[in-house]
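Nothing fancy with the numbering, it's 1 onward along the sequence. Just so you know, these numbers come straight off a predicted model, no measurement behind them.
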Amino acid sequence: MRKLLPIIGTPSAAHPGGRSAMTCRFRCGDACFHEVPNTSDNAYVGDVISGALSRRSVMRAAAVVTVATAAAGTVAGTVGAPAASAAPTGTGGRPAGKGDGARGLRFGAVAPNTVDAVVVPDEYRQNVVIRWGEPILRGAPAFDPEHQTAAAQAGQFGYNNDFLALLPLPGEHGRQVLVANHEYTDEVLMFRGYDAANPTRQQVEVAWAAHGLSAVVVEEDRRTGKLTPVPRHHLNRRVTATTEFRLTGPAAGSDLLKTSADPTGTTVLGTLNNCSGGTTPWGTTLHGEENFNQYFANSGRPTDKRYGIGTGATERKWERFDQRFDVAREPNEVHRFGYVVEFDPYDPSSTPRKHTALGRFKHEAATVRLTADGRPVVYSGDDERFDYFYKFVSSKRMRKGSGRAVREHNLSLLDEGTLYVARLTGDSPAADIDGTGTLPSDGEFDGSGAWIPLATATADGAVSHVEGMTADEVFVFTRLAGDKVGATKMDRPEDIQPNPVSGKVYVVLTNNSNRGVGANAKADEANPRTANKHGHVLELTERRNRPESLTFAWSLFLVAGDPDDPATYFAGFPKDQVSPISCPDNVAFDPHGNLWISTDGNQLGSHDGLFGVATRGERRGELKQFLTVPTGAETCGPIVQDRRVLVAVQHPGEIDGASVEKPASTWPDGPGKIVRPAVVAVWRADGRDIGV
């Protein structure tokens with residue numbers, strides 16, 4: 001029997017990762033309360049690295065950084081927000097002048113807080129670029145929360161913006177193209193009087209239209225740094241849960257992808273639960289379909305169980321209004337979700353693609369690095385407890401130019417190549433790791449790894465490298481392929497980003513509160529961090545710094561949590577000089593090679609935020625909080641340019657018991673207005689570069 005969903009009002013402390021019951025219900029279908037999908041006996045990476053955490057922490061332990069409840073920074077552009085303290089303070093009570101820090105991180109650190117606003121350093125300003133429901137297409141009406149329709153929403157900015165991309169717009173000075181994912185919908189925060197047990201067709205169709213992607217041209221005010229949308233621009237576009245997509249690559253046309261509505265197995269309607277993504281060197285955007293499982297009902301197949309698909313009704317009840325969401329009636333429809341989507345923001349008539357060669361799992365991120373000969377390599381995580389991270393190496397070279405033939409060629413780059421999954425091992429002798437934190441005899445806490453091939457796609461077909469699985473099965477049931485080859489279990493692999501300055505690859509692991517719980521991989525002498533609720537970041541160095549390499553070295557870069565916790569680690573930087581951080585999620589790099597980390601589900605009692613951390617030089621590991629987001633919100637999609645930072649403020653007000661009638665947040669428009677996810681831009685008041 002399917003486990004009952006927690007009701008609204010369940011204390012958030014019962015929910016892993018600091019999320020509310022509402023977040024668990026609407027974003028991931030209560031994934032943390034379902035049985036762990038990965039029941040294989042593969043090695044768990046926490047067993048390899050946690051001994052290193054303890055040893056490093058003992059060596060580096062320093063003064064506590066306490067969690068503050070008031071922000072030091074500027075609250076701008078928010079109606080009714082509480083006042084912040086006037087003087088910027090650092091962490092640990094020390095001053096944090098804007099001249100302190102690594103280049104790119106010289107700003108007054110924002111203290112942890114619970115202010116219902118976007119809080120930024122005093123020397124910075126901000127504006128809301130675009131909100132859920134703002135019209136972007138010709139003919140779209142103004143937002144009216146009391147009279148929502150699917151037709152209106154299909155022309156308006158979608159809900160719950162996550163990944164962001166900001167692309168140049170040649171020939172239009174001061175303008176860029178903003179592309180945003182719309183991960184999921186919070187119906188109880190969208191519709192007055194929403195009855196979760198009996199949604200109406202109109203509400204469901206509005207939700208379909210609120211999912212997907214938005215492309216909207218934005219214009220900058222050179223005097224202030226403010227960004228504003230350009231409505232009705234010819235490049236503006238909405239992609240929804242009913243937009244036509246093309247399935248491409250080795251599994252396209254497979255019997256596993258054919259449905260009654262699409263007997264060819266090559267066309268699918270919509271994209272769902274797009275989380276993090278990436279941009280390509282050829283000018284497109286990539287979007288990862290993550291928790292797609294929550295939209296599909298009534299499955300009993302083992303392959304679906306491995307993906308967390310339930311046996312009963314879904315939270316949203318979409319299966320009542322479209323049979324494709326009912327696995328019992330349309331068994332292959334679910335196989336058509338869980339891919340990396342490619343979107344061309346410069347061609348509003350183009351059909352978006354789902355690339356089967358990159359595998360099917362809960363994709364988090366799709367970031368690209370080119371080989372020396374111009375072949376793209378794409379990194380992606382599978383955002384589930386105890387699941388894996390992957391890379392795809394294309395066999396085709398990118399062509400330069402803007403002609404139609406060149407663009408069509410580049411749009412096929414992710415259809416041919418080899419898909420790999422990561423296997424990590426530790427370098428320390430097992431006998432030396434006794435759980436006490438004693439340094440092993442080799443004096444190191446790092447390891448090595450290998451990329452294990454799963455399948456290769458060519459123009460003439462595809463070949464499986466996994467015994468007992470066909471190529472089609474590998475690309476459609478990629479998790480099972482990872483199980484078979486012994487991939488290393490991870491603590492929710494999220495964003496994976498190669499550093500454009502150093503070439504090192506950073507793997508973000510958000511948390512895993514089930515670590516050591518029940519029959520799951522348990523804590524032992526080598527792994528003191530049971531119930532990893534704060535997450536960590538790995539740093540990979542691929543052999544000869546080549547993205548196509550099949551081996552790599554790894555080391556711990558950052559272990560999140562309260563710096564007073566001896567298990568935390570900040571690349572060796574003194575812990576009395578860093579901001580506390582919990583649950584790292586999306587990341588980005590600034591022009592100086594600093595890693596910027598957004599958080600999701602802070603377990604330290606304060607709001608989520610955006611942090612910058614130096615990755616090189618004598619200040620390597622120096623981590624500073626740049627902003628915090630409002631009550632109930634998650635920080636998403638960071639973009640860090642020379643003079644501007646953008647974040648997507650996702651699901652503000654998503655607190656247990658909240659509704660349209662009883663809002664938990666008044667952001668962004670103040671009391672009496674419906675709470676709305678939105679994109680925020682931040683810039684220096686003096687117009688100079690960020691953090692210098």
Partners of [X] by side-chain hydrogen bond (donor to acceptor under 3.5 Å, both in side chains), sequence neighbours excluded?
X      : value
Thr635 : none
Arg423 : none
Ser598 : none

Would you please say whether a donor-acceptor pair under 3.5 Å links the side chains of [X] and [Y]?
X      : Y      : value
Gln650 : Glu183 : yes
Thr599 : Asp585 : no
Thr628 : His607 : no

task: Among Lys533, His536, Arg492, His534, find the residue that satisfies the side-chain hydrogen bond (donor to acceptor under 3.5 Å, both in side chains) test when tested with Asn511.
output: Arg492
task: May I have the step-by-step check of ring pair (Phe, Tyr, Trp, His ring centres under 6.0 Å) for Trp596 and Phe626, ending in yes or no?
output: CA-CA 9 Å; Trp596 289 65; Phe626 181 73; 5.3 Å; yes
message: Here's a test for you: under side chain to side chain contact (heavy atoms under 4.5 Å, CB included), which of Asn273, Asn181, Thr271 qualifies with Glu289?
response: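 One option only clears the test, and that one is Thr271.
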What are the two closest non-hydrogen atoms of [X] and [Y], and how far apart are they?
X      : Y      : answer
His287 : Val179 : CE1-CG1, 3.7 Å
Ala481 : Val466 : CB-CG2, 4.0 Å
Arg360 : Val476 : NH1-O, 2.7 Å

Is [X] salt-bridged to [Y], going by a charged N under 4.0 Å from an acidic O?
X      : Y      : result
Glu542 : Lys391 : yes
Arg479 : Asp387 : yes
Glu473 : Lys484 : no

- prompt: Do the numbers put Lys354 on top of the ring of Phe337, so that NZ or CZ is under 6.0 Å from the six-membered ring centre and no more than 45° off the axis?
  reply: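 Checked: cation-pi criterion met.
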message: Using salt bridge (Lys or Arg N to Asp or Glu O under 4.0 Å), reason through Lys575 and Asp564 one step at a time and then give a plain yes or no.
response: CA-CA 8 Å; Lys575 296 202 293 183; Asp564 191 41; over 6 Å; no
message: Tell me whether the rings of Trp132 and Tyr159 are parallel (<30°), tilted (30 to 60°) or perpendicular (>60°).
response: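 Ring orientation, 0 to 90° scale: perpendicular.
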Ring geometry between Phe552 and Phe389 (parallel below 30°, tilted from 30 to 60°, perpendicular above 60°): tilted
